[in-house]
Protein chains: 2
Amino acid sequence: MQLTPEDRAFLDTYEPSDFPRPSVTVDLVVFTVIDSDLKVLLVQRDQPPFRTHWALPGGFVQVGDGASQGESLEQAAERELVTETGLPQGRSYLEQLYTFGRPGRDPRMRVITVAYTALVRPDLAPLVAGDDAADARWFSVEHGLPSLAFDHAEILEKGTERLRNKLDYSPVGFRLVAETFTIAELRGVHEAVMGGTYDPGNFRRRFNRMLSDGLIELAEGKRQTSRRPAKVYRFVSELR
Amino acid sequence: MQLTPEDRAFLDTYEPSDFPRPSVTVDLVVFTVIDSDLKVLLVQRDQPPFRTHWALPGGFVQVGDGASQGESLEQAAERELVTETGLPQGRSYLEQLYTFGRPGRDPRMRVITVAYTALVRPDLAPLVAGDDAADARWFSVEHGLPSLAFDHAEILEKGTERLRNKLDYSPVGFRLVAETFTIAELRGVHEAVMGGTYDPGNFRRRFNRMLSDGLIELAEGKRQTSRRPAKVYRFVSELR
DNA sequence: CCAAAAGTGTTATTTATACACCCATGT
DNA sequence: ACATGGGTGTATAAATAACACTTTTGG
């Protein structure tokens, strides 16, 4: 939307009014699948409130009112992902999840948090290092989650629900396998996320539809791990 | 999440730090269907920037850091819906849509907006009155939209896309008909939103599935408007 | 009687689900 | 050779889509 001359005159004399403002953070629900188990990345807090409790990685969005208004929400999410967890930049799938702003959700002050989901390929998952100060670790979503700080349990719940929903009508599953993968590996991801088992034959049929739709393509080489070597595929992200 | 004694001691001496904060608003994509046409509610701005331009209704979230941290995001959305459009309280379906925070999206200052979708029943749609100051009107989404202020065109686009998606896997369509409705009326809503036509027989079949699922029930009376009177149904919102 | 919308039925095509079976390979 | 996971085929049920047909009413 273009500014009019009237707008420019107005802005030259405009002073941002002092209506109270909330703090705004981004929080990250970082998923991966390791050993056929859905994991979420948590960091241990070293400051009150909830010191020693585990929490979702996240932090304040850098903002300003002047010539630079600061970073975008996506940039803030990507920055926190890199600095708080040690994961490499630009290699994870990021998607806005939901915004949580209930009064009292942070006892210190009014904080509104824009939650993002991040999907990390399993071959990158071991790179998590954590902050200089705090620890960062993968936890199984189904077995042995610690009690989370703030309303992060609610955020994680929403992230899990959304991931489950998207898995069967959108190609997000490919963000949870390595660059090349076998049908069984992708099936393992679906089983880990959905928490059930899929018929190998029927799963293959769905897979083959995606193949003929050009969503995935055959890659070179075969996977040698199990008994019989399996064909290896690649996700075609550049959709026409 | 419970506070520990350590947390309480910490909070007693805590002063919210002066990291810069953004302004946070809620904006509303208010839909209804009138005469088989999808409409969105817009208000005309009477202040720069973008004075005289049409915009989505919305406003600042009331926040604080002290004993009361202010209103929730949902409350803010509901409040703006009532005060800016004159629609009655608590009678519209509200759902969080997406959060937009690109730097520069408001030239005055850094503003992060949490967008909500509101679905208004057609029998309530004529109640829109607008602010004391500004005008509020329904516009056809497909024919004759004015150019919108800020990034509101993008927000509306996202709202329209989401509504179309949800319409065929979730029961939101019932929020766009009156309390009792005929199959043809519901079909009209789907056609208006999706922008096509549905086979009456096949649509009826889908409808009958919802009937046997207990999602809707037969209501008293018949609809007299057309040639042959049609049966009237009601949406059963209290699902078990 | 007739136009028009309500409502029903038929058929073909696709998709989902369950499950039996063959294939290739490391041990 | 054989156990095991890779890979294929088939039968049934259910959902989707196209479309012909009957019913009921107001004019």
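Each chain gets a letter, A, B and so on, in the order its sequence line appears, and its residues count up from 1. Just so we're clear, the structure is a prediction, and the values are computed from it rather than from any experiment. The basis for the numbers below is simple: all heavy atoms, side chains too, and nothing from hydrogens, waters or symmetry mates.
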Side chain of Glu84(B), backbone of Gly58(B): donor and acceptor closer than 3.5 Å?
yes

* Asked: Is Arg223(B) salt-bridged to Glu185(B), cutoff N-O under 4.0 Å?
  -> yes

With respect to the phosphate group of dT25(D), does any side-chain polar atom (N or O) of Arg223(B) fall under 4.0 Å of OP1 or OP2? no

| Does the pair Glu220(B)/Arg234(B) count as a salt bridge with the N-to-O cut at 4.0 Å? | yes

- prompt: For dG6(D), does OP1 or OP2 lie under 4.0 Å from any side-chain N or O of Arg227(A)?
  reply: no

Notebook entry, point to check: Do Arg91(A) and Glu179(A) sit within salt-bridge range, that is, some charged N less than 4.0 Å from a carboxylate O?
Noted result: no

Result for 5'-nearest mapping on DNA chain C, choosing between Asn202(A) and Gly201(B), is Gly201(B)

note: Phe207(A), atom CZ; dG7(D), atom C1'; distance rounded to Å ~ 13 Å

Open item on the list: By the 4.0 Å heavy-atom rule, please label Arg205(A) as base, sugar-phosphate, or nothing.
Closed with: base

Here the distance between atom P of dT17(C) and atom CE of Met194(A), to the nearest Å, is 11 Å

Here the distance between atom P of dA4(C) and atom CZ of Arg187(B), to the nearest Å, is 15 Å

Among dT25(D), dG7(C), dT15(C), the one nearest any side-chain atom of Arg209(A) is dT15(C)

Closest to the 5' end of DNA chain C, once Asp199(B) and Ala184(B) are matched to their nearest nucleotides, is Ala184(B)

Ranking dA16(C), dA18(D), dA5(C) by distance to the side chain of Arg228(B), first place goes to dA5(C)

